[in-house]
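Written out below as structure tokens is the structure these notes cover.
In the text below, chain A, chain B and the rest are named by the order of the sequence lines, each starting its count at 1.
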2 protein chains.
Amino acid sequence: MPEFFNVLPPDQALQALIEALPPSPVAIEELPLENSLGRVTASDLFSREDLPAFPRSTMDGYSLRAADTFGASEGLPAYFSIVGEVAMGRPSHITVAVGEAAVTYTGGMLAQGADAVVMVENTQAVDSATIEVTRPVAPGENVVQPGEDINSGERLLPAGHLLRPQDLGGLAALGVTTVQASRRPRVAILSMGDEVVPPDMDPGPGRIRDVNTYTIAAQVTRAGGEPLPLGIVPDDYEEQLSAARSGLKHADSLVFSAGSSVSVRDLTAEIINALGEPGVLVHGLSIRPGKPAIVGLVQGKPVFGLPGNPVSAMVVFDLLVRPALYHLAGCPSLPEPATATATVALDIASASGREDYVPVRLTGNAENCLTAEPVFGKSNLIFTLIRADGLVKVPLDKAGLYAGETVRVRLF
Amino acid sequence: MPEFFNVLPPDQALQALIEALPPSPVAIEELPLENSLGRVTASDLFSREDLPAFPRSTMDGYSLRAADTFGASEGLPAYFSIVGEVAMGRPSHITVAVGEAAVTYTGGMLAQGADAVVMVENTQAVDSATIEVTRPVAPGENVVQPGEDINSGERLLPAGHLLRPQDLGGLAALGVTTVQASRRPRVAILSMGDEVVPPDMDPGPGRIRDVNTYTIAAQVTRAGGEPLPLGIVPDDYEEQLSAARSGLKHADSLVFSAGSSVSVRDLTAEIINALGEPGVLVHGLSIRPGKPAIVGLVQGKPVFGLPGNPVSAMVVFDLLVRPALYHLAGCPSLPEPATATATVALDIASASGREDYVPVRLTGNAENCLTAEPVFGKSNLIFTLIRADGLVKVPLDKAGLYAGETVRVRLF
């Protein structure tokens with residue numbers, strides 16, 4: 001059973017895939033604003049108006065002409081006649097002239113003729129119609145000018161932007177109630193192996209329940225995609241090829257959770273090549289766990305052969321499938337994963353020329369005193385990952401990590 | 001317009017709220033495993049079986065009795081008769097005796113009588129029925145023992161655990177296809193103000209479109225909750241009280257996006273007290289932006305008065321509402337937010353005795369060379385947050401940050 005790998009580091013494997021991807025892989029759909037969180041904008045969005053549209057006060061107080069306050073002090077206050085109140089939510093019909101002021105609330109419009117707001121704290125009522133101002137204000141003080149938030153014609157958001165809560169707020173502020181976004185990338189998931197049964201079955205001796213359909217589907221959801229689980233297919237070339245063909249028809253990407261024996265891995269590569277051009281791009285990664293992974297492209301759609309071991313499958317998904325899904329959605333810069341800084345508890349040996357991903361458990365409470373203890377376990381043990389809080393990477397050019405070294409833990 | 005704040009730092013305000021919360025705030029529901037990502041377990045889960053249930057090979061090779069290989073070498077190999085093949089997915093009916101071996105695949109069951117697997121790479125075929133083994137194996141080598149992943153009776157997951165992709169995989173492996181989880185906390189959102197109109201309306205002079213319903217609803221979704229937007233209510237005590245009452249009836253928590261003038265903020269506090277006991281717990285936080293925030297509790301349900309300014313509202317949500325929602329769901333340790341380490345580009349002044357949250361934009365590419373440039377802008381400008389990549393905290397006891405200082409940026 002010979003095995004020749006064209007082994008690449010994961011970043012180079014990803015690069016090879018991305019360079020081969022077509023420019024606009026997934027379709028565009030129109031979404032109501034309130035359903036667009038975490039979606040990717042399909043085009044640049046420009047403002048059609050100034051925000052705010054009118055000069056707004058940032059304080060409760062009086063709008064007036066700043067020049068009339070110049071020189072005012074506790075000892076020598078400036079006097080103003082109150083000519084009215086600018087009600088919230090109404091256009092201001094009040095005009096202030098020299099020596100006049102209008103009651104103005106936070107968020108409200110300034111009176112006509114006013115160019116500043118004096119805070120109520122810097123005034124004193126003399127009688128019901130007169131105040132004294134004890135501190136001068138500069139023109140524009142305590143005022144948000146029209147267009148200060150954003151100007152008409154300015155770009156709100158670029159294409160390929162992942163929408164966050166504040167982006168939804170900004171779009172609402174400008175009256176944008178629908179968004180053109182990339183469709184969620186659909187990912188067909190094929191779980192393979194004569195020994196695999198669905199989780200609601202009693203496997204009996206020699207068989208195991210399907211794990212990877214569940215972990216991979218959840219990872220797809222987290223990466224903004226839509227999982228399409230295709231079920232379990234036995235180790236048979238024709239059956240797998242036909243299931244893969246039909247999956248690829250309905251999906252933007254296809255993930256094989258491959259059997260783990262060498263012959264079965266070779267079967268996956270053969271099937272990816274049979275599905276269409278160019279087929280297999282990378283066969284094998286210089287990482288552990290995850291070395292036997294396969295990266296391919298068929299009809300412009302990324303196809304991945306993930307190792308059958310759940311730990312390997314999850315690591316390879318994170319390194320390759322997740323970024324590929326963001327690329328499919330048109331978002332080249334994927335969101336940073338959550339990380340924590342920790343001190344390694346024990347020496348962790350590795351081999352140089354290979355990236356190692358070591359599951360660790362974090363102990364300790366304070367923000368900077370976390371300790372990362374490696375969770376040793378064979379990569380076919382799913383509970384290795386369940387007992388862990390994250391992964392530590394030992395880079396390609398290091399032969400390990402020393403106890404006491406500070407590392408960044410990728411949380412999961 | 002007098003204003004007396006019982007001002008607390010945000011962590012103390014949160015603590016006061018959490019201590020007053022009832023023990024089991026939200027109901028429990030049963031979910032199919034595939035829909036349980038990001039949900040919180042309602043009880044401890046125990047394994048009802050050993051995983052794996054049988055000894056599994058981790059390699060392609062031959063299962064045999066380890067003792068028969070002792071002393072084997074390239075020069076003096078041990079000879080074995082092949083007595084059959086353990087097919088994948090079938091119970092093994094083959095028994096190996098002294099000097100016998102059975103073909104065994106990765107993930108497959110060992111032959112009866114075998115206690116180790118020799119890798120195919122360490123064997124040579126002599127003829128179709130005989131191999132020589134050139135390296136000894138220890139008992140248990142290349143084997144996952146029954147229960148090595150998890151034992152029957154062992155705790156799989158504790159109550160209050162936020163379900164991750166690998167947890168779903170582990171539950172599937174053990175035949176758990178439904179999960180008892182806390183219902184998503186429902187959060188009623190009330191947007192208040194005479195000047196606020198829905199985003200599909202042209203506001204005209206003096207009015208603005210509703211921003212906070214959208215930012216807050218999206219933040220609720222991100223924190224695992226279910227937003228129930230109640231629309232816009234004018235600055236009227238009776239109308240707001242009645243909208244708040246009906247919102248609280250259907251929700252586990254209530255968020256007021258308050259008007260921003262002092263009188264309107266006082267109105268919110270009055271309404272929270274009128275809704276029921278104990279009412280307002282904290283009125284004012286020692287942070288900027290976000291000082292005028294209100295934290296209350298009514299009928300065991302957390303009630304928040306968020307400042308009307310979108311930036312303040314988002315900061316206070318992150319510091320108080322988000323952790324409160326995890327508590328409502330029974331998950332005391334909320335997931336770490338994504339952060340990045342960066343160098344401050346400019347001096348940032350602050351006041352000691354107050355936590356400052358400064359929106360920053362990150363520039364630079366490499367993992368450790370990011371620069372954080374403050375995005376200065378009034379906290380009522382939503383585009384301040386849209387132009388920013390995250391927030392930098394200036395702690396209570398610091399009077400600012402110096403250019404060149406290394407900080408942790410909370411990404412959003």
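Contact record, B:I208 with A:R56: CD1-NH2, 3.5 Å, taken as the closest heavy-atom pair. B:A340 approaches A:R408 most closely through the heavy-atom pair CA-NH2, 4.0 Å. Closest non-hydrogen pair, B:R387 versus A:D149, comes out as NH2-O, 2.9 Å. Considering all non-hydrogen atoms of both residues, B:L168 and A:A218 come closest at CD2-CB, 4.0 Å. The two residues B:R209 and A:A173 come nearest to each other via the heavy atoms NH1-O, 2.9 Å.
Counting heavy-atom pairs closer than 4.5 Å to chain A, the top-ranked of the candidates B:G206, B:A53, B:P335, B:P234 is B:G206. Note: A:R222 leads A:R222, A:Q219, A:M109 in heavy-atom pairs under 4.5 Å with chain B. Highest contact tally toward chain B, considering only A:M314, A:H161, A:E34, A:M201, is held by A:M314 [criterion: heavy-atom pairs under 4.5 Å]. With chain B as partner, the option from A:V144, A:L110, A:L174 having the largest number of non-hydrogen pairs under 4.5 angstrom is A:L174.
For the atom pair CZ of A:F383 and CD of B:E154, the computed distance is 8.0 Å after rounding to the nearest 0.5 Å. Between A:R207 atom CZ and B:R90 atom CZ the span is 9.0 Å, to the nearest 0.5 Å.
The shortest distance between side-chain heavy atoms of A:L37 and B:Y214 does not fall below 4.5 Å.
Contact of B:L51 with chain A is made through the side chain alone, with heavy-atom distances under 4.5 Å. Contact annotation for B:A87: neither backbone nor side-chain heavy atoms come within less than 4.5 Å of a heavy atom of chain A. Of the atoms belonging to B:T177, it is side-chain heavy atoms, and not backbone ones, that fall under 4.5 Å from chain A. For B:F54, the part lying under 4.5 angstrom from a heavy atom of chain A is the side chain only. In this structure, the portion of B:E49 lying under 4.5 Å from any heavy atom of chain A is its side chain and not its backbone. Only the side chain of A:L157 comes within less than 4.5 Å of a heavy atom of chain B; its backbone N, CA, C and O stay farther away.
For the pairing with A:E336, the side-chain contact (heavy atoms from CB on, under 4.5 Å) check across B:L411, B:L362, B:T339, B:D389 returns one residue only, B:L411.
The backbone N or O of B:I386 lies less than 3.5 Å from a partner atom in the side chain of A:R164, making a donor-acceptor pair. A distance-only check finds no donor-acceptor pair linking the side chain of A:D210 to the backbone of B:A172 [under 3.5 Å].
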